[in-house]
Amino acid sequence: MNSKTTHYYLRYVLFGILVVATTMAAAVTKEHAVKAGLIYNITKFVIWPNHAYHDEKFNFCIVGDDNLNGALEALYDKLADGRPIVLRRTMSNKNFKECQIVFIATEGVRNAKLILKELKNVPILTVSDRKDFINQGGMIGLIRDGNRVGFEVDLAAVKASGLNMSSQLLKLAKRVKGIK
(Lines give C-alpha, C1' and ligand atoms only; values in the text may rest on other atoms or scores of the structure.)
Protein backbone atom coordinates (compact mmCIF):
# COMPACT_ATOMS: atom_id res chain seq x y z
CA MET A 1 0.00 0.00 0.00
CA ASN A 2 1.26 3.45 -0.80
CA SER A 3 0.99 6.29 1.72
CA LYS A 4 -2.03 7.86 -0.03
CA THR A 5 -3.94 4.56 0.10
CA THR A 6 -2.88 3.99 3.69
CA HIS A 7 -4.03 7.48 4.64
CA TYR A 8 -7.41 6.92 2.91
CA TYR A 9 -7.82 3.51 4.56
CA LEU A 10 -6.93 4.91 8.00
CA ARG A 11 -9.45 7.72 7.53
CA TYR A 12 -12.14 5.22 6.54
CA VAL A 13 -11.45 3.03 9.60
CA LEU A 14 -11.45 6.01 11.99
CA PHE A 15 -14.71 7.26 10.49
CA GLY A 16 -16.24 3.80 10.98
CA ILE A 17 -15.10 3.69 14.60
CA LEU A 18 -16.57 7.14 15.20
CA VAL A 19 -19.93 6.13 13.70
CA VAL A 20 -20.08 2.94 15.77
CA ALA A 21 -19.07 4.76 18.98
CA THR A 22 -21.65 7.50 18.38
CA THR A 23 -24.37 4.95 17.67
CA MET A 24 -23.49 2.98 20.81
CA ALA A 25 -23.48 6.15 22.93
CA ALA A 26 -26.89 7.15 21.54
CA ALA A 27 -28.27 3.69 22.29
CA VAL A 28 -26.96 3.81 25.88
CA THR A 29 -28.34 7.33 26.37
CA LYS A 30 -31.71 6.21 25.01
CA GLU A 31 -31.74 3.22 27.40
CA HIS A 32 -31.00 5.52 30.34
CA ALA A 33 -33.83 7.85 29.32
CA VAL A 34 -36.19 4.87 29.01
CA LYS A 35 -35.22 3.66 32.51
CA ALA A 36 -35.77 7.12 34.00
CA GLY A 37 -39.15 7.36 32.25
CA LEU A 38 -40.08 3.89 33.45
CA ILE A 39 -39.29 4.80 37.06
CA TYR A 40 -41.40 7.95 36.72
CA ASN A 41 -44.33 6.02 35.26
CA ILE A 42 -44.07 3.43 38.03
CA THR A 43 -44.59 6.22 40.59
CA LYS A 44 -48.04 6.82 39.07
CA PHE A 45 -49.12 3.32 40.14
CA VAL A 46 -47.77 3.33 43.69
CA ILE A 47 -49.58 4.80 46.69
CA TRP A 48 -47.53 5.99 49.65
CA PRO A 49 -49.14 6.32 53.07
CA ASN A 50 -49.47 9.91 54.32
CA HIS A 51 -46.96 9.29 57.12
CA ALA A 52 -44.30 8.59 54.46
CA TYR A 53 -44.00 12.34 53.81
CA HIS A 54 -42.00 14.76 55.90
CA ASP A 55 -42.58 17.82 53.71
CA GLU A 56 -44.42 18.83 50.55
CA LYS A 57 -41.77 17.36 48.24
CA PHE A 58 -41.43 13.91 46.71
CA ASN A 59 -37.84 13.01 47.59
CA PHE A 60 -36.15 10.79 44.99
CA CYS A 61 -32.85 9.73 46.51
CA ILE A 62 -29.95 8.37 44.48
CA VAL A 63 -27.32 6.27 46.22
CA GLY A 64 -24.00 5.68 44.48
CA ASP A 65 -22.80 6.78 41.06
CA ASP A 66 -25.75 7.70 38.87
CA ASN A 67 -25.24 5.01 36.25
CA LEU A 68 -28.13 6.46 34.25
CA ASN A 69 -25.82 9.31 33.18
CA GLY A 70 -28.01 12.14 34.38
CA ALA A 71 -31.24 10.83 32.79
CA LEU A 72 -32.90 11.04 36.21
CA GLU A 73 -32.43 14.83 36.08
CA ALA A 74 -35.40 14.96 33.68
CA LEU A 75 -37.63 13.94 36.60
CA TYR A 76 -36.81 17.06 38.62
CA ASP A 77 -39.98 19.05 39.42
CA LYS A 78 -42.34 16.59 37.70
CA LEU A 79 -45.19 15.49 39.94
CA ALA A 80 -45.25 12.15 41.74
CA ASP A 81 -48.10 11.35 44.10
CA GLY A 82 -49.20 14.99 43.66
CA ARG A 83 -45.87 16.43 44.84
CA PRO A 84 -42.90 17.91 42.94
CA ILE A 85 -39.96 15.53 42.64
CA VAL A 86 -36.70 16.63 44.21
CA LEU A 87 -33.55 14.65 43.46
CA ARG A 88 -31.14 14.01 46.31
CA ARG A 89 -27.77 12.41 45.68
CA THR A 90 -25.60 10.10 47.77
CA MET A 91 -27.70 10.12 50.86
CA SER A 92 -26.32 8.87 54.15
CA ASN A 93 -28.27 6.12 55.87
CA LYS A 94 -29.68 8.66 58.33
CA ASN A 95 -31.42 10.61 55.56
CA PHE A 96 -33.15 7.67 53.88
CA LYS A 97 -36.22 8.16 56.03
CA GLU A 98 -36.86 11.44 54.13
CA CYS A 99 -37.10 9.60 50.79
CA GLN A 100 -40.10 8.23 48.96
CA ILE A 101 -37.87 6.40 46.43
CA VAL A 102 -34.31 5.21 46.88
CA PHE A 103 -32.54 4.39 43.61
CA ILE A 104 -29.51 2.21 44.32
CA ALA A 105 -27.03 2.63 41.50
CA THR A 106 -25.07 -0.26 40.07
CA GLU A 107 -21.75 1.51 40.64
CA GLY A 108 -20.35 3.09 43.78
CA VAL A 109 -22.51 1.20 46.28
CA ARG A 110 -20.73 -1.37 48.40
CA ASN A 111 -23.43 -1.89 50.97
CA ALA A 112 -26.60 -2.36 48.87
CA LYS A 113 -27.72 -5.30 51.00
CA LEU A 114 -27.23 -3.27 54.18
CA ILE A 115 -29.26 -0.38 52.70
CA LEU A 116 -32.05 -2.76 51.70
CA LYS A 117 -32.03 -4.32 55.17
CA GLU A 118 -32.35 -0.87 56.75
CA LEU A 119 -35.23 0.06 54.42
CA LYS A 120 -37.10 -3.21 54.92
CA ASN A 121 -40.68 -2.62 56.13
CA VAL A 122 -40.31 1.16 55.61
CA PRO A 123 -42.63 2.95 53.12
CA ILE A 124 -39.82 3.76 50.70
CA LEU A 125 -39.83 2.29 47.20
CA THR A 126 -36.45 0.75 46.40
CA VAL A 127 -35.46 0.66 42.73
CA SER A 128 -32.30 -0.39 40.91
CA ASP A 129 -30.96 -1.78 37.69
CA ARG A 130 -28.54 -3.96 39.64
CA LYS A 131 -28.56 -7.57 38.55
CA ASP A 132 -30.96 -9.77 40.54
CA PHE A 133 -32.12 -6.80 42.64
CA ILE A 134 -35.48 -8.18 43.76
CA ASN A 135 -33.84 -11.37 45.02
CA GLN A 136 -31.61 -9.24 47.24
CA GLY A 137 -34.54 -7.53 48.97
CA GLY A 138 -35.24 -4.71 46.50
CA MET A 139 -38.77 -3.89 45.35
CA ILE A 140 -38.42 -2.87 41.68
CA GLY A 141 -35.64 -4.22 39.49
CA LEU A 142 -35.09 -2.66 36.07
CA ILE A 143 -34.05 -5.32 33.57
CA ARG A 144 -33.21 -5.69 29.90
CA ASP A 145 -35.45 -8.02 27.98
CA GLY A 146 -33.77 -8.33 24.60
CA ASN A 147 -33.77 -4.81 23.17
CA ARG A 148 -36.38 -3.59 25.64
CA VAL A 149 -36.22 -2.35 29.18
CA GLY A 150 -38.67 -3.91 31.59
CA PHE A 151 -39.06 -4.34 35.31
CA GLU A 152 -39.72 -6.98 37.91
CA VAL A 153 -41.38 -6.58 41.29
CA ASP A 154 -41.02 -8.21 44.70
CA LEU A 155 -44.63 -7.77 45.79
CA ALA A 156 -44.00 -9.19 49.28
CA ALA A 157 -41.36 -6.50 49.90
CA VAL A 158 -43.71 -3.79 48.57
CA LYS A 159 -46.58 -4.91 50.82
CA ALA A 160 -44.33 -5.30 53.87
CA SER A 161 -43.26 -1.68 53.44
CA GLY A 162 -46.84 -0.39 53.62
CA LEU A 163 -46.88 0.75 50.00
CA ASN A 164 -49.71 -0.17 47.67
CA MET A 165 -49.15 -0.99 44.03
CA SER A 166 -51.77 -1.05 41.29
CA SER A 167 -52.63 -4.41 39.76
CA GLN A 168 -52.34 -2.66 36.37
CA LEU A 169 -48.66 -2.09 37.07
CA LEU A 170 -48.15 -5.69 38.12
CA LYS A 171 -49.62 -6.87 34.81
CA LEU A 172 -46.87 -4.95 32.98
CA ALA A 173 -44.05 -6.47 35.04
CA LYS A 174 -41.87 -9.13 33.41
CA ARG A 175 -41.90 -11.02 36.70
CA VAL A 176 -43.72 -10.59 40.00
CA LYS A 177 -42.19 -12.34 42.98
CA GLY A 178 -44.23 -12.94 46.13
CA ILE A 179 -47.71 -13.54 44.69
CA LYS A 180 -49.62 -16.19 46.57
Side-chain angles (χ1 to χ4, degrees), residues 26-49 52-53 56-91 95-109 112 115-116 118-120 122-178:
V28 168
T29 301
K30 183 178 178 184
E31 180 179 335
H32 295 156
V34 168
K35 286 180 179 179
L38 183 57
I39 294 169
Y40 176 67
N41 285 324
I42 286 170
T43 67
K44 295 176 183 181
F45 296 94
V46 176
I47 299 170
W48 282 262
Y53 292 100
E56 294 302 311
K57 304 288 186 187
F58 185 94
N59 295 310
F60 188 118
C61 303
I62 303 166
V63 181
D65 300 334
D66 177 6
N67 52 307
L68 298 184
N69 292 332
L72 294 173
E73 296 294 330
L75 303 182
Y76 182 78
D77 244 3
K78 288 187 180 250
L79 293 180
D81 202 24
R83 300 164 191 265
I85 294 175
V86 174
L87 298 175
R88 296 177 174 226
R89 299 195 174 276
T90 317
M91 304 294 293
N95 295 333
F96 287 146
K97 304 290 191 253
E98 298 172 9
C99 306
Q100 279 69 51
I101 291 181
V102 170
F103 178 81
I104 301 174
T106 304
E107 300 295 323
V109 180
I115 292 169
L116 290 170
E118 184 174 327
L119 296 177
K120 189 174 184 176
V122 178
I124 297 172
L125 187 69
T126 56
V127 181
S128 183
D129 58 355
R130 297 171 75 91
K131 185 177 172 97
D132 209 31
F133 185 65
I134 67 167
N135 289 328
Q136 298 169 11
M139 295 178 198
I140 304 281
L142 304 177
I143 57 169
R144 285 196 71 171
D145 183 21
N147 291 331
R148 295 184 176 198
V149 175
F151 66 97
E152 47 190 20
V153 177
D154 182 345
L155 190 57
V158 172
K159 287 184 176 185
S161 73
L163 299 175
N164 287 309
M165 192 170 281
S166 166
S167 62
Q168 293 174 337
L169 180 65
L170 297 175
K171 288 178 186 176
L172 298 173
K174 299 295 180 188
R175 178 171 77 119
V176 178
K177 177 183 168 191

Next item on the list: Starting from the C-alpha separation in whole Å, work towards a yes-or-no answer on side-chain contact (heavy atoms from CB on, under 4.5 Å) for Asp129 and Phe103.
Entry: CA-CA 9 Å; Asp129 58 355; Phe103 178 81; 4.0 Å; yes
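If you take CD1 on Ile124 and CG on Leu119, they are separated by 5.0 Å, rounding to the nearest 0.5 Å. For the atom pair Leu72 CG and Leu87 CG, the distance stands at 6.5 Å (nearest 0.5 Å). Rounded to the nearest 0.5 angstrom, Ile104 CD1 and Ile115 CD1 are separated by 5.0 Å.
Of the possible polar contacts, one joining the Tyr40 side chain to the Leu79 backbone as a donor-acceptor pair under 3.5 Å is found. Here the side chain of Arg89 pairs no donor or acceptor atom with the backbone of Cys61 at under 3.5 angstrom. Remark: the backbone N or O of Lys131 is paired with a side-chain donor or acceptor of Gln136 at under 3.5 angstrom. Listed for the Thr126 side chain is a donor-acceptor partner under 3.5 Å among the backbone atoms of Met139.
Residues satisfying the side-chain hydrogen bond (donor to acceptor under 3.5 Å, both in side chains) test with Lys174, not counting sequence neighbours, are Asp145. Every residue two or more places apart in sequence or in another chain that forms a side-chain hydrogen bond (donor to acceptor under 3.5 Å, both in side chains) with Lys177 is listed here: Asn135. Looking at residues two or more places apart in sequence or on another chain, you find no ring pair (Phe, Tyr, Trp, His ring centres under 6.0 Å) involving Phe151. In this view, Glu152 and Arg175 satisfy the side-chain hydrogen bond (donor to acceptor under 3.5 Å, both in side chains) rule, not counting sequence neighbours.
Closest non-hydrogen pair, Val102 versus Cys99, comes out as CG2-CB, 3.9 Å. A pairwise comparison of heavy atoms in Ala157 and Gly137 identifies CB-O, 4.3 Å as the closest pair. Taking both residues in full, the closest heavy atoms of Val153 and Ala173 are given as CG2-CB, 4.1 Å, listed atom of the first, atom of the second, then distance. Nearest approach of Ala105 to Arg130, heavy atoms of both residues: O-NH1, 2.8 Å. Listed here is the closest heavy atom pair of Asp154 and Ile134: OD2-O, 3.5 Å. The two residues Ala80 and Thr43 come nearest to each other via the heavy atoms CB-OG1, 3.9 Å.
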Kindly list each side-chain donor-acceptor pair under 3.5 angstrom involving residues 160-170, sequence neighbours excluded, with atom names and distances?
from, atom 1, to, atom 2, distance (Å)
Ser161, OG, Val158, O, 2.5
Ser161, OG, Leu163, N, 3.3
Ser166, OG, Gln168, N, 3.0

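Contact annotation: the side chain of Leu125 never approaches that of Phe60 to less than 4.5 Å [non-hydrogen atoms, C-beta and beyond]. No side-chain heavy atom of Ile140 sits under 4.5 Å from any side-chain heavy atom of Ile101. With contacts defined as side-chain heavy-atom distances shorter than 4.5 Å, the pair Leu172/Phe45 does not qualify. Considering only heavy atoms from C-beta on, Val127 stays 4.5 Å or farther from Ile42 through its side chain.
Asn59 pairs with exactly one of Lys97, Glu98, Arg88 by the side chain to side chain donor-acceptor pair (under 3.5 Å) rule, that one being Arg88.
For the side chain to side chain donor-acceptor pair (under 3.5 Å) condition, the pairs that include at least one residue of residues 77-87, sequence neighbours left out, are Tyr53-Asp81.
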